[in-house]
Amino acid sequence: MEMFYGAMQYREPGVLLWRGFTLQEFANQCFGNKFDNGKGRQMPIHYGSTKHNYFTVASTVGTQIPHAVGAAYALKMEERDACTVTYFGDGGTSTGDFHAALNFAAVMEVPVIFICRNNGWAISTPSADQFRSDGIVVRGQAYGVHSIRVDGNDALAMYNAVNEARTMAIGEQKPILIEALTYRAGHHSTSDDSTKYRPGDEIEWWRMAQDPVTRFRKWIEMKGWWSAEAESEFRSSVRKQVLNAIQVAEKVEKPPIKELFTDVYDFPPPNLCEQEASLREAIRRHPQDYPPDFLM
Ligand SMILES: Cc1ncc(C[n+]2csc(CCOP(=O)(O)OP(=O)(O)O)c2C)c(N)n1
């Protein structure tokens with residue numbers, strides 16, 4: 001059973017990992033080397049994998065939401081036993097794409113699961129400066145989409161909600177929206193300092209008392225399935241695997257220059273040909289700045 005087509009934002013590498021994308025594939029993408037599925041043409045963390053039915057991540061907020069609905073419509077027309085799932089943040093719901101996608105999904109009755117991570121912030125913009133509705137769940141309901149609000153920091157609650165949503169989406173051929181209430185405990189990105197716009201004790205409270213991994217770990221420890229020793233062994237093993245994947249990826253050559261201009265057009269338009277010629281000329285003039293076989 002194929003089950004799953006994913007159109008994600010940028011905080012869901014866990015989904016891809018779970019589906020079998022390897023640490024080496026993650027590292028190859030981040031280094032944009034010749035084994036990267038995107039041939040080095042995307043920003044780091046913009047993973048994509050045809051093999052895993054995983055659309056390439058787009059940073060343009062919200063654009064993945066109508067893509068997921070379109071893919072779900074295709075699945076419906078082909079009567080496939082599958083649905084799509086798309087993730088986005090509260091900020092994503094402030095885009096027009098979110099509204100168009102929800103309405104289209106509701107009217108066309110397509111099997112799609114919308115998972116909104118309502119983490120309270122779109123970089124430094126708090127939810128209160130984005131919308132005055134009671135979160136996101138009511139917006140789904142307004143469009144006629146079955147919607148549920150879940151504690152997004154409770155792994156088991158999320159698992160159950162998504163499991164049920166999948167059964168409904170495929171069985172009843174309709175869209176489902178899940179609003180996962182959570183908090184972005186880290187900075188938005190490496191270029192952000194969130195202590196500039198929110199109190200440190202608020203961040204600490206979420207990081208300590210509400211951390212979803214700690215909560216889940218407590219539960220499996222209580223069940224006797226996990227222990228402090230298992231945790232530390234696992235962490236050190238994963239750390240080694242990640243470092244190894246990075247070391248391997250950084251030694252692999254970059255994709256050849258010609259790959260930079262392929263895959264969009266059957267016949268590249270004149271402006272693209274000009275850009276390629278001008279890039280090759282620049283490399284010829286400054287060979288010391290590029291690897292020896294870069295012009296291939
Ligand atoms: C169309 C568009 N507008 C603005 C940005 C800049 N931007 C990048 S991430 C982001 C905030 C997104 O917030 P949210 O969707 O809540 O996701 P979060 O990062 O909080 O998980 C913004 C405004 C962008 N990438 N794309």
Side-chain angles (χ1 to χ4, degrees), residues 6-18 26 29-30 38 41-48 54-70 84-102 104-105 112-140 143 145 147-155 158 161-162 177-200 202-207 210-213:
M8 310 299 178
Q9 201 189 357
Y10 41 64
R11 297 200 192 279
E12 293 80 31
V15 174
L16 202 44
L17 190 67
W18 175 250
F26 279 103
Q29 198 284 328
C30 288
R41 296 178 296 204
Q42 272 283 6
M43 277 165 43
I45 77 157
H46 287 50
Y47 313 109
Y54 196 98
F55 283 37
T56 300
V57 170
S59 257
T60 27
V61 168
T63 49
Q64 74 279 18
I65 316 174
H67 294 169
V69 174
T84 61
V85 58
T86 181
Y87 290 63
F88 46 89
D90 44 279
T93 73
S94 300
T95 65
D97 275 349
F98 166 79
H99 297 273
L102 253 75
F104 193 94
V112 54
I113 305 173
F114 300 105
I115 300 185
C116 175
R117 283 176 285 91
N118 182 354
N119 66 15
W121 298 88
I123 315 187
S124 54
T125 308
S127 315
D129 289 345
Q130 292 189 65
F131 47 80
R132 295 294 157 93
S133 58
D134 176 10
I136 314 302
V137 71
V138 292
R139 297 172 161 200
Y143 283 108
V145 172
S147 305
I148 184 172
R149 175 176 278 166
V150 183
D151 176 354
N153 286 12
D154 181 339
M158 278 304 289
V162 175
L177 181 142
I178 297 173
E179 177 183 19
L181 285 182
T182 183
Y183 184 84
R184 195 196 72 225
H187 304 306
H188 172 77
S189 67
T190 45
S191 58
D192 177 41
D193 175 3
S194 63
T195 59
K196 294 272 188 283
Y197 52 81
R198 54 189 195 174
E202 176 184 299
I203 303 173
E204 264 327 282
W205 183 78
W206 280 94
R207 202 192 289 282
Q210 292 300 321
D211 182 81
V213 178

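Treat the numbers as computed from the prediction; the structure is a model and nothing was measured. Here, residue 1 is the first one in the sequence, and each next residue gets the next number. Just follow the structure's listing: the first ligand is 1, and inside any ligand the first atom is 1.
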**Q** Find all atoms of ligand 1 within a distance of less than 4.0 Å from any non-hydrogen atom belonging to His188, and give their numbers and elements.
**A**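 Contacts of ligand 1 toward His188, numbered from 1: 9 (S), 19 (O).
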
**Q** Specify the protein heavy atom at minimum distance from atom 12 (C) of ligand 1: its residue, its atom name, and the distance to 0.1 Å.
**A**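 Ranked first by proximity to atom 12 (C) of ligand 1 is Tyr10 OH, 3.5 Å.
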
**Q** Can you tell me how far CD1 of Ile136 sits from OG of Ser94, rounded to the nearest 0.5 angstrom?
**A** 7.0 Å

**Q** What is the minimum heavy-atom distance between Val57 and Gln42, and which atoms define it?
**A** O-NE2, 4.0 Å

**Q** Nearest 0.5 angstrom please: Thr86 OG1 to Ile115 CD1, how far?
**A** 8.5 Å

**Q** Any idea which part of Asn119 is under 4.0 Å from ligand 1, heavy-atom wise: side chain, backbone, both or neither?
**A**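 Side chain only; the backbone of Asn119 stays clear of ligand 1.
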
**Q** Which residue supplies the protein heavy atom nearest to atom 17 (O) of ligand 1, what is that atom called, and how far is it?
**A**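 Of every protein heavy atom, Gln9 NE2, 3.3 Å lies nearest to atom 17 (O) of ligand 1.
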
**Q** Just one of Val145, Leu177, Ile65, Thr84 clears the side-chain contact (heavy atoms from CB on, under 4.5 Å) bar with Val112, so which one?
**A**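 Running side-chain contact (heavy atoms from CB on, under 4.5 Å) over Val145, Leu177, Ile65, Thr84 with Val112 returns exactly one hit, Thr84.
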
**Q** Nearest to atom 5 (C) of ligand 1, what protein heavy atom do you find, and at what distance?
**A** Val61 CG2, 4.1 Å

**Q** Looking only at protein heavy atoms, which one is nearest to atom 15 (O) of ligand 1, and what is the separation?
**A**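 I find the closest protein heavy atom is Gly92 N, 3.0 Å.
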
**Q** Please state which protein non-hydrogen atom is closest to atom 14 (P) of ligand 1 and give its distance, to 0.1 Å?
**A** Gly91 N, 3.4 Å

**Q** Centroid-to-centroid, Trp205 to Tyr183, below 6.0 Å?
**A** no

**Q** Give me the residue, atom name and distance of the protein heavy atom closest to atom 20 (O) of ligand 1.
**A** Trp121 O, 2.8 Å

**Q** Enumerate the atoms of ligand 1 whose separation from the nearest heavy atom of Gly89 is less than 4.0 angstrom.
**A**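 Matching atoms, with element in brackets: 14 (P), 15 (O), 16 (O), 17 (O).
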
**Q** Report the nearest protein non-hydrogen atom to atom 23 (C) of ligand 1: residue, atom name, distance rounded to 0.1 Å.
**A**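 The protein heavy atom lying closest is Ile123 CD1, 4.2 Å.
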
**Q** Considering only protein heavy atoms, which is closest to atom 21 (O) of ligand 1, and at what distance to one decimal place?
**A**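 Ranking protein heavy atoms by distance from atom 21 (O) of ligand 1, first comes Arg11 NE, 2.7 Å.
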
**Q** How does Ser59 reach ligand 1, if at all, at less than 4.0 Å between non-hydrogen atoms: by side chain, backbone, both, or neither?
**A** backbone

**Q** Does atom 3 (N) of ligand 1 have any protein heavy atom closer than 4.0 Å?
**A**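 For atom 3 (N) of ligand 1 the answer is no, since every protein heavy atom stays at 4.0 Å or beyond.
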
**Q** Check whether the side chains of Thr182 and Asn119 place a donor and an acceptor atom closer than 3.5 Å, and report yes or no.
**A** no

**Q** Any atoms of ligand 1 less than 4.0 Å from a non-hydrogen atom of Thr60? List them with their elements.
**A** 26 (N)

**Q** Atom SG of Cys116 and atom CZ of Phe98: how far apart are they, to the nearest 0.5 Å?
**A** 6.5 Å

**Q** Would you mind checking if Glu179 and Arg139 are paired as a salt bridge, meaning a charged N to carboxylate O distance below 4.0 Å?
**A** no

**Q** Once rounded to the nearest 0.5 Å, what's the spacing between atom OH of Tyr197 and atom NE2 of His188?
**A** 8.0 Å

